[in-house]
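Would you mind keeping the following structure in view while I ask a few things?
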Protein chains: 2
Amino acid sequence: MRIGELSARTGASRRSLRYYEEQGLLVSSRSPGGQRHYEDEHVQRVRLVQAFLAAGVPSGTLVEMVPCMAEPSEGRARQALEIMDRERARLSEDIDGLVAARDALDRLIEDNRAYLTRSADREV
Amino acid sequence: MRIGELSARTGASRRSLRYYEEQGLLVSSRSPGGQRHYEDEHVQRVRLVQAFLAAGVPSGTLVEMVPCMAEPSEGRARQALEIMDRERARLSEDIDGLVAARDALDRLIEDNRAYLTRSADREV
DNA sequence: CTAAACGCTCACATCGATGTCAGGGTCAAG
DNA sequence: CTTGACCCTGACATCGATGTGAGCGTTTAG
């Protein structure tokens with residue numbers, strides 16, 4: 001498939017797909033005329049990249065992780081594991097931060113609701 | 001306290017504190033000479049702002065939420081609740097996304113570990 | 001062969017929170 | 001009054017992923 005179809009299937013813009021390639025996160029074969037061609041499997045790869053990018057994993061870090069998934073090379077595997085573990089820790093921290101923020105928000109909501117309830121009571 | 005101390009106590013840079021004020025997220029009284037002065041309670045406010053900003057809540061949205069916490073006004077309270085609920089949903093979605101990414105990462109780590117284990121076996 | 005739809009590269013723009021620098025006040029201790 | 005530490009405003013820079021537009025080539029259906 002060409003870039004338009006991959007874009008349609010993944011929701012990533014053509015621009016983003018070219019960017020992923022530029023960053024080394026995605027490969028493509030080229031037609032004689034220079035147009036990118038992809039296989040079905042690339043759909044999954046793009047989804048993976050999207051998930052990590054959306055999770056705040058910088059593309060530079062992805063470069064060290066994802067290719068290693070496609071072709072785990074003896075030497076790099078160990079190094080990649082370190083990076084992945086580190087990134088996993090960062091993700092967990094981020095999750096904790098978000099959960100804490102949500103908890104704080106819940107308290108605000110609760111306060112606000114209580115305020116409204118009291119207002120309503122006074123009106124009765 | 002002046003801005004330097006508030007910065008030291010919260011970890012937010014002086015620049016950020018001024019930015020929060022500029023955005024309407026933080027108030028300060030001014031000395032005759034124009035310097036900002038804060039009370040102890042502002043430490044908590046800054047921490048709250050930091051938590052939400054770190055969680056990806058845009059300052060514009062915070063403006064609609066946080067002030068309402070300080071001074072819940074009859075009319076705005078209901079509107080603020082809507083915004084808070086909406087933002088809470090967004091936070092939950094983000095959390096789900098991060099958790100999904102972490103799960104995907106766990107699978108990659110597992111694959112990688114399995115690969116390394118097989119390598120080690122062959123060496124024996 | 002032609003036109004429409006699609007793709008290519010290059011380059012500049014965007015957003016939000018923060019960093020950084022310049023030029024110039026303020027405050028407190030001596 | 002002076003000095004050193006602190007603060008002020010304003011402006012420009014940064015980062016990363018993506019948007020956008022120009023100018024031009026490719027592919028494919030008719």
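Letters A, B, ... mirror the listed sequences (proteins, then strands); counts begin at 1.
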Protein-nucleotide distance (B:Y19, atom OH; D:dT14, atom P), rounded to Å: 19 Å
Distance test, side-chain N/O of A:S16 to OP1/OP2 of D:dT18, below 4.0 Å: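 Answer is yes, contact under 4.0 Å.
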Short side-chain N/O contact from B:Y20 to OP1 or OP2 of C:dA17, under 4.0 Å: no
OP1 or OP2 of C:dG7 under 4.0 Å from side-chain N/O of A:R36: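 Checking A:R36 against C:dG7: no side-chain N or O falls below 4.0 Å of OP1 or OP2.
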Intermediate values then yes/no, side-chain hydrogen bond (donor to acceptor under 3.5 Å, both in side chains), B:E21 and B:S28: CA-CA 8 Å; B:E21 178 168 333; B:S28 66; 2.9 Å; yes
Length of the CG-C1' vector between A:L53 and D:dT18, whole Å: 11 Å
For atom CG of A:L17 and atom C1' of C:dT9, their distance in whole Å: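 Roughly 16 Å, once rounded to whole Å.
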Value in whole Å for how far the C1' atom of C:dA28 lies from CE of B:M1: 19 Å
Any side-chain donor near an acceptor of the partner, B:T10 and B:R47, under 3.5 Å: no
Between P of D:dA17 and CG of A:L26, the distance in whole Å: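 From A:L26 CG to D:dA17 P: 14 Å.
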Phosphate contact (D:dT20 OP1 or OP2) by A:R18 side-chain N/O below 4.0 Å: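 It does not, given that no N or O in the side chain of A:R18 lies less than 4.0 Å from OP1 or OP2 of D:dT20.
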Student check: side-chain heavy atoms of A:E39 and A:M1 closer than 4.5 Å: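 No, their side chains stay 4.5 Å or more apart.
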B:R9/B:E5 under salt bridge (charged side-chain N to carboxylate O under 4.0 Å, His left out): CA gap, chis, key distance, verdict: CA-CA 6 Å; B:R9 281 215 220 163; B:E5 189 178 344; 3.2 Å; yes
Atom-pair distance (OH on A:Y38; C1' on C:dC6), nearest Å: 13 Å
Options C:dC27, C:dC8, C:dT18, nucleotide nearest the side-chain atoms of A:Q35: C:dC8
Base C:dG19 paired with B:R15 side chain (donor-acceptor, <3.5 Å):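 Such a pair exists between side chain and base.
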Side-chain touch B:E87/B:F52, heavy atoms, less than 4.5 angstrom: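 No, side chains not in contact.
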Rounded distance in Å - CZ (A:R2) to C1' (D:dG25): 12 Å
Under-4.0 Å side-chain N/O to phosphate OP1/OP2 contact, B:S31 with C:dT26: no
5' precedence on DNA chain D between A:G33 and A:V57 (nearest-nucleotide basis):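 Final value for this comparison: A:V57.
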Nearest-nucleotide pick for B:R30, side chain only, options being C:dC6, D:dT9, C:dT9: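 For B:R30, the side-chain atoms sit closest to D:dT9.
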Interatomic distance where CD belongs to B:E22 and C1' belongs to D:dC8 [whole Å]: 13 Å
